[in-house]
Each structure stands twice: as C-alpha cells, then as structure tokens.
2 protein chains.
Amino acid sequence: MNHNSSWDDLRYVLAVAEAGSVNAAAKQLGVNHATVLRRIAGFEDRHGVTLFERTARGTRVSPETRPLLEAARAVQSAVHGVERVLSGHDSALRGRVRVTSTDTIMQYVLPRLIGRFRKRAPEVFVDLVCTNAHLDLSRLDAEVTVRPALGLPKGLRGAAPARLGFAAYEPVGALPPAAGWIGLGGTLSRSVAGQWMADEVPPDRIVARSDSFVVACEMAAAGIGRVLLPCVVGDADQRLVRSPDRGTDISVDLWVASHADMADVPRIRAVREALIEGLAADRDRLAG
Amino acid sequence: MNHNSSWDDLRYVLAVAEAGSVNAAAKQLGVNHATVLRRIAGFEDRHGVTLFERTARGTRVSPETRPLLEAARAVQSAVHGVERVLSGHDSALRGRVRVTSTDTIMQYVLPRLIGRFRKRAPEVFVDLVCTNAHLDLSRLDAEVTVRPALGLPKGLRGAAPARLGFAAYEPVGALPPAAGWIGLGGTLSRSVAGQWMADEVPPDRIVARSDSFVVACEMAAAGIGRVLLPCVVGDADQRLVRSPDRGTDISVDLWVASHADMADVPRIRAVREALIEGLAADRDRLAG
DNA sequence: CAACTATATTGCGAAATCGCAGAGTTTTCA
DNA sequence: TGAAAACTCTGCGATTTCGCAATATAGTTG
C-alpha cells in the first residue's frame with residue numbers, strides 16, 4: 001500500500017543521479033556505499049522500475065527516469081523550504097498573495113475573511129484585485145480567485161465551498177404596481193442571474209440597467225424598481241425587502257481556486273484554504 | 001549537519017497534525033504509536049523546536065508551527081507528484097510552458113534550443129510568446145522568460161548563463177564615407193544598446209530608426225547605413241560585416257528566469273534548465 | 001465518581017538496517 | 001599488456017530501530 005512509501009529513498013535516488021555514481025553519492029550523503037546501493041535497489045524493487053543503468057564507470061540515469069528525477073527535485077526543493085522555516089530565516093507564510101474576485105463578493109464577503117486570516121498569518125500581505133471583467137476562471141492575474149462559476153477549469157485547483165443565492169428585491173414600502181426592473185448589463189448579462197432576467201422579465205419592463213450588483217442595489221434602494229440581487233447584497237440593505245411574489249431559487253457555485261502549478265506554495269495554499277473554510281462557514285448567509 | 005535530515009520525519013509530523021492525535025496518526029501510518037512518539041520527539045530534539053501542545057484530549061499544533069506545517073504540506077504534495085509519476089498516470093514532464101523573449105533572441109537563439117529540449121521531453125509543449133514590450137523581468141505573462149537585463153529582480157529564480165554581445169555592422173562593399181547610422185527606437189532606445197547609440201552617435205548622423213534589431217539588420221543590409229546589432233544577428237547575415245573602426249565591447253547579461261513560486265514545477269524547471277544549459281553552450285557565439 | 005480516552009515513558013525481544021570488509025568486473029592509464 | 005583505479009555487488013556482525021506491553025497521568029463524559 002502506501003505504507004512502504006519512504007520519503008527518504010528519494011534523497012538517495014537524487015544523490016546518485018547528481019553524483020553520477022553510488023560511491024560519490026555515499027560520500028556526499030555521509031553513509032556507506034552499501035547502504036546507498038541497498039536503498040536504491042529497494043526503491044526499484046518496491047516500485048518495479050529500473051532507475052539507473054549500472055556500468056563499471058558509474059551509474060547513469062536511464063532516459064525514462066528523467067521525469068521521476070524532476071519530480072524528486074521538486075520534493076527536494078520543498079524540503080529546502082522546510083529547512084528554511086526551521087532555520088528561522090524564512091517563514092513560509094510571508095509574502096504577497098493577490099486575490100481576485102467580483103466587486104460584489106469583494107465588498108460583502110471577503111474583507112471579513114481576509115481579516116480573520118491575517119490574524120493567523122500576519123506576514124502574508126493579501127492584495128485584493130477587483131475584476132468583474134472575465135467570468136471564466138482560467139485567466140488569472142492573481143494567485144487566488146473567488147468567483148461564481150459552473151465548474152472548475154482544468155489547470156486550476158480549488159473547491160466550491162458555498163453557493164451564491166439570488167433573490168428579487170424591492171424598496172421597503174409601496175412600490176407602484178407598474179414598477180419596472182433594473183436590468184443587468186455588461187458581463188453580468190451573461191451570468192446566471194442575467195440569464196434568469198432574460199428568461200423571466202420582458203425587456204419592456206426594464207427601466208434601468210447596471211453592470212454591478214452593488215450599483216443596482218443602490219438604484220433599487222432609490223426607488224427606481226425591482227432588482228435581482230445576490231442575497232448577501234440584498235439582505236444587508238435595510239432599505240430593501242424581498243419581493244414577496246417572486247420566489248427565486250437561483251444559485252451558483254462559488255469557487256475558490258488557484259493555478260495548479262502554484263496551488264501548493266505554502267502562503268497561497270494557506271489563503272485558499274482559509275477562504276474555502278470561511279466561505280463554508282458563511283454558507284447559509286451566502287445561499288440566502 | 002544535514003546528514004540527520006530525515007525526510008521521513010515530515011510524514012510523521014504531518015500525520016500527527018492532520019489526525020489530531022498520536023494514536024490516530026499511528027493508525028493512519030500503520031505503525032505503533034510509540035514509534036510516532038519517538039520520531040516526533042526526535043524531530044523536535046534535533047531541530048530544537050516544539051511542534052505540538054500535548055494535551056490529554058489530543059495533540060494540538062502550536063500556532064508558531066503553522067508555517068512549518070504548510071511547508072511540510074508542500075513536500076507532501078511534491079511526493080504525491082512523484083507517486084503519480086511512478087504510477088504512470090502522469091509524467092511530470094507534460095503540459096504547456098510559455099516562454100517569453102525578445103524578437104531577436106526568439107528568432108536567432110531559442111528555436112534550436114527548444115528543438116533540442118523537445119527531443120528529451122516530447123510531452124512538454126513549449127509556447128513561445130514574443131514580447132519586446134517590457135524590458136524588466138518582473139512582469140511575467142509566461143512561465144519562463146529569456147531577456148537581457150542588468151540583474152535578477154527578487155521574486156524570480158534563474159541564472160545568466162551567457163552575455164549578449166553587440167557590435168557595429170555595415171553592408172559588404174563600399175559604404176559612402178558619410179553614411180549614417182540606423183537608430184534604435186521604442187523600447188530598444190532604453191536598452192544598453194540604445195544607451196551606447198545615444199552616447200556615441202550624434203543625432204544628426206541617424207538616418208533611419210527601428211524598434212527591432214531584426215528589422216534594423218534588414219535596413220542595414222539594404223545599404224541604408226551602419227547599425228549596432230547583437231552579434232548573433234549581425235554575424236548570421238552574409239550581407240553585413242563588422243565595421244572595422246568601431247570596436248565595441250558592449251554586452252549585457254542574458255537572463256533565464258521564472259517565478260520563484262513556480263520555479264520548481266518539474267516541467268518549468270526542465271525548460272529553464274535546458275535553456276540555461278543551451279545558452280551556456282552557445283556562450284561564445286552570443287558574446288560575439 | 002467511574003469509565004473512557006488521550007498522552008508520556010520505559011524495558012525488552014525481534015526485526016530491519018547499517019557499516020565493514022571482501023569479491024568480481026570494467027575502464028583507464030602507463 | 002598489465003597494473004591501478006573505479007565501480008557494482010554481497011555476506012556477516014554490530015547497531016539501531018521498531019513493535020509490544022506495561023505503567024502513570026490527566027482531561028472528558030455519562
């Protein structure tokens with residue numbers, strides 16, 4: 001099973017590959033060369049592979065071993081990271097992490113989560129990048145993205161710890177019976193909420209439009225009309241109530257993701273996990 | 001020293017941290033709980049740290065241990081990469097790597113190096129992105145960058161395996177004694193070569209201008225005038241010879257770098273190292 | 001308060017590992 | 001061509017480590 005996985009064997013494999021011979025590797029590792037030989041043989045036996053071509057003038061890596069060596073070097077580099085942490089020169093949770101999200105989430109959800117995270121990792125500088133522009137997750141100009149989406153594109157790693165729920169809202173008090181709707185423009189028109197608007201609300205009922213839920217909320221509060229909002233936005237505004245006759249059950253998965261290549265950089269992983277954990281805790285409020 | 005560094009100890013540390021107790025970790029690891037206890041104690045002794053707060057209701061990680069755990073998780077993830085390679089499901093040298101460079105280097109230097117690399121790692125798709133726009137290395141829209149620069153900004157990892165040399169060139173045969181120079185425009189005017197032009201060539205001697213060495217080379221070959229070119233460009237063009245009276249010794253370090261966060265992703269590392277190795281082999285040709 | 005669960009610690013026999021020395025083989029150099 | 005220098009491999013004794021079991025302590029829960 002997994003129990004025979006000995007991380008230490010990788011050290012020996014790497015040493016032999018870099019030193020070019022078992023003897024040199026043994027000297028470099030400070031152990032007897034017989035030990036190196038046995039551990040290499042054990043590793044090869046356990047995994048059923050042949051790593052090296054043993055010649056009398058040294059040990060050469062066979063070509064198909066190269067990917068394994070590269071993966072092992074990644075382990076070595078990560079171990080160096082651990083050693084830096086142990087030596088105190090580096091903290092592994094220090095540096096800048098850019099988080100990108102929509103204006104709505106960034107204004108109503110993230111600040112509290114980031115604040116909570118920074119108490120645990122005060123040396124991580126979180127840089128919020130607000131971009132409503134692209135709805136797809138794949139183009140990243142940040143290390144972590146928080147976005148509503150239908151799925152997780154490959155090449156990214158993350159989770160959808162909550163769903164973002166929507167509801168129709170209108171100003172408190174009497175709204176004229178013939179009051180119209182505030183439409184969703186820009187990239188919001190291609191979102192799930194925009195799709196619902198296109199399906200349910202005739203175009204001639206739309207009396208205004210905004211490409212931002214935050215602005216649309218203000219417009220509704222000013223009495224312009226009804227509006228479809230994320231529940232976190234609408235519920236937080238005392239001037240709005242849910243439209244009684246409009247029971248909607250729209251919701252979208254809210255994804256937290258980062259590049260697969262950088263997903264396990266400690267500080268990036270820490271931010272991502274903290275956001276996932278925080279969103280899961282806010283699950284009910286987000287779903288509405 | 002480094003000899004007692006046992007990568008396996010990290011497995012035990014991680015298991016205890018995740019399982020929440022020594023017993024659970026021992027069960028998960030398939031070993032006796034005394035072994036876990038001894039290895040944790042040994043790790044703490046060797047490194048002079050206290051990882052866990054031992055309470056009677058479990059083992060809690062002390063707050064200052066969190067960075068170490070995150071670094072250890074990065075090791076775990078890298079080991080998973082090794083296991084994927086061993087299982088044959090993944091090759092660790094597969095995927096896309098974007099390489100960005102200037103038009104000159106991309107045309108005269110990189111193709112051969114990339115071709116040689118792809119024979120060793122045929123599953124790595126190298127995507128060349130030609131951008132003369134930014135001379136500084138720090139803004140990356142690619143995984144690997146190859147650029148002349150004065151130094152390596154922090155946050156990047158790489159090396160300068162060669163220097164890019166420049167020389168003055170003129171068309172073969174008679175050039176009118178009063179022939180002018182082809183100037184360097186655009187971003188090239190702020191490069192080292194552009195600086196030399198500004199210092200050595202009076203503005204009134206400049207009869208034409210280009211923001212690309214490749215185009216400037218063609219202009220010189222067409223008889224328009226002298227031009228300062230990278231030696232790899234000028235020497236490759238049979239229609240040009242070095243200007244005899246213009247002995248220049250301009251050169252700039254040629255850096256190959258990638259984001260520190262992604263520097264040890266196997267396929268990215270492989271591309272970077274291959275380029276560094278290839279440029280070092282071409283050192284003389286590049287220096288001129 | 002008692003039962004349960006958790007950790008810390010230690011002694012001892014078994015098992016795995018290591019270091020040492022020596023054998024066998026190929027390359028290199030004089 | 002022959003000796004020296006590498007290297008890979010393999011027994012054997014010594015050392016280390018591990019598993020097991022037992023003991024003591026403390027917090028949690030019914």
Side-chain angles (χ1 to χ4, degrees), chain A residues 1-66 68-69 72 79, chain B residues 1-66 68-69 72 79:
Chain A
M1 287 294 289
N2 222 349
H3 299 158
N4 55 10
S5 77
S6 166
W7 294 7
D8 246 4
D9 285 345
L10 294 176
R11 277 176 63 216
Y12 290 81
V13 171
L14 271 177
V16 171
E18 287 175 2
S21 80
V22 171
N23 274 323
K27 198 174 298 177
Q28 175 185 321
L29 290 169
V31 297
N32 194 281
H33 71 280
T35 302
V36 179
L37 209 56
R38 278 188 285 250
R39 293 194 71 140
I40 296 294
F43 185 90
E44 289 182 336
D45 284 350
R46 265 194 300 277
H47 299 97
V49 293
T50 303
L51 299 179
F52 302 107
E53 297 170 357
R54 278 70 169 252
T55 72
R57 65 180 171 190
T59 302
R60 281 187 182 168
V61 296
S62 56
E64 61 267 21
T65 314
R66 193 173 295 273
L68 178 81
L69 281 180
V79 171
Chain B
M1 284 295 291
N2 223 347
H3 298 161
N4 53 12
S5 77
S6 166
W7 293 8
D8 248 3
D9 285 345
L10 293 175
R11 280 176 60 214
Y12 289 81
V13 172
L14 270 177
V16 171
E18 289 176 0
S21 79
V22 172
N23 274 324
K27 197 174 298 178
Q28 175 185 321
L29 290 169
V31 297
N32 194 280
H33 76 280
T35 302
V36 178
L37 214 52
R38 278 189 284 247
R39 296 198 63 146
I40 296 292
F43 186 90
E44 290 181 335
D45 285 349
R46 265 195 299 277
H47 299 97
V49 295
T50 303
L51 299 179
F52 302 107
E53 296 170 356
R54 278 73 170 245
T55 73
R57 65 181 171 189
T59 303
R60 281 187 182 168
V61 296
S62 58
E64 60 268 21
T65 314
R66 194 174 296 272
L68 179 81
L69 281 180
V79 172

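All figures in this text were calculated on a predicted structure; none of them were measured in a lab. Both backbone and side-chain heavy atoms feed into the values below; hydrogens, waters and symmetry mates do not. Just so it is clear: chains get the letters A, B, ... in the order the sequence lines come, proteins before strands, and each one is counted from 1.
- In this structure, NZ of B/K27 is placed 11 Å from P of C/dT7, rounded to the nearest angstrom.
- Rounded to whole Å, atom C1' of D/dA21 lies 14 Å from atom CG of B/N23.
- Between A/D9 and A/R46 the shortest side-chain heavy-atom distance falls below 4.5 Å.
- The side chain of A/R54 places no N or O atom within less than 4.0 Å of a non-bridging phosphate oxygen (OP1 or OP2) of D/dC7.
- From B/S21, atom OG reaches atom NE2 of B/H33 across 10.5 Å, with rounding to the nearest 0.5 Å.
- The phosphate of C/dT7 has OP1 or OP2 within less than 4.0 Å of a side-chain N or O from B/S21.
- Under the 3.5 Å distance criterion, the side-chain polar atoms of A/D8 are matched with a main-chain donor or acceptor of B/W7.
- Atom CD1 of A/I40 is separated from atom P of D/dT10 by 15 Å (rounded to the nearest Å).
- Between B/T55 and D/dG27 there is no side-chain N or O to OP1 or OP2 distance below 4.0 Å.
- Residues A/V79 and B/L10 approach most closely at CG2-CD1, 4.5 Å, considering heavy atoms.
- For A/D8 and D/dC18, the CG to C1' distance is 16 Å, given to the nearest whole Å.
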Quiz item: What one-letter contact string describes nucleotides 12-30 of chain C from 5' to 3', where B marks a base within less than 4.0 Å of any protein heavy atom, S marks contact via sugar-phosphate atoms alone, and - marks no contact?
Solution: ------BBB-----S-S--
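- As a whole-Å value, the separation of B/F52 CZ from C/dT7 C1' is 13 Å.
- A pairwise comparison of heavy atoms in A/F52 and A/E44 identifies N-OE2, 3.4 Å as the closest pair.
- Here the C1' atom of nucleotide D/dG11 and the CG atom of A/L37 are 14 Å apart, to the nearest Å.
- A/L51 is listed as a side-chain neighbour of A/L68, based on a closest heavy-atom distance under 4.5 Å.
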